[in-house]
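Nothing here was measured: the structure is a model prediction, and the numbers come from that model.
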Amino acid sequence: MILAPYRTFVEVKQPESKFIFRMQSGPRGVIFEGDGGLWRVEAIKTIAKYLEERLEGTGVVLLA
């Protein structure tokens, strides 16, 4: 399944990623991240773009 949980700043679009749903013993289920952490890369790009747009014209320079 693909979900977009809140894992970063609420001001930016949350990165979607794959999750795996597994049943455990008895009536218990667990959701595991299934993208190997790729959401972090997407989140960093989204946050950088957000900051660049908000800081444009202020003289503040973001370092990569």
For S25, side chain to side chain contact (heavy atoms under 4.5 Å, CB included) partners two or more places apart =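 Per chain and number, S25 pairs via side chain to side chain contact (heavy atoms under 4.5 Å, CB included) with no residue.
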
If you group Ile, Leu, Val, Met, Phe, Trp and Tyr whenever their side-chain heavy atoms sit less than 4.5 Å apart, what else falls in with Y6?
->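 ILVMFWY cluster around Y6 also holds V10.
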
Other than L3, which residues form its hydrophobic cluster under the rule that side-chain heavy atoms must be closer than 4.5 Å?
-> M1, F19, F21, M23, I31

List, one per line, each side-chain donor-acceptor pair under 3.5 Å for residues 42-49, sequence neighbours excluded.
| unit_1 | atom_1 | unit_2 | atom_2 | d |
| --- | --- | --- | --- | --- |
| T46 | OG1 | E42 | O | 2.9 |

Is there a path of hydrophobic side-chain contacts, each under 4.5 Å between heavy atoms of I, L, V, M, F, W or Y residues, that connects F9 with L55?
->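 Yes, it is one cluster - the side chains of F9 and L55 are joined through contacts under 4.5 Å.
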
Report yes or no: do L62 and V12 belong to one cluster of Ile/Leu/Val/Met/Phe/Trp/Tyr joined by side chain heavy-atom distances under 4.5 Å?
->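 Yes.
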
Is there any side chain to side chain donor-acceptor pair (under 3.5 Å) pair reaching into residues 9-24, and which pairs are they, with sequence neighbours excluded?
->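 Found R7-S17, Q24-R28.
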
Heavy-atom side-chain contact between P15 and T8 under 4.5 Å | yes

Got a sec, which residues hit salt bridge (charged side-chain N to carboxylate O under 4.0 Å, His left out) with R54, two or more places apart in sequence or on another chain?
->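 Partners of R54 by the salt bridge (charged side-chain N to carboxylate O under 4.0 Å, His left out) criterion come out as none, since no residue qualifies.
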
Test side chain to side chain donor-acceptor pair (under 3.5 Å) applied to E53 - qualifying residues, sequence neighbours left out =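 For E53 there are no side chain to side chain donor-acceptor pair (under 3.5 Å) partners, ignoring immediate neighbours.
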
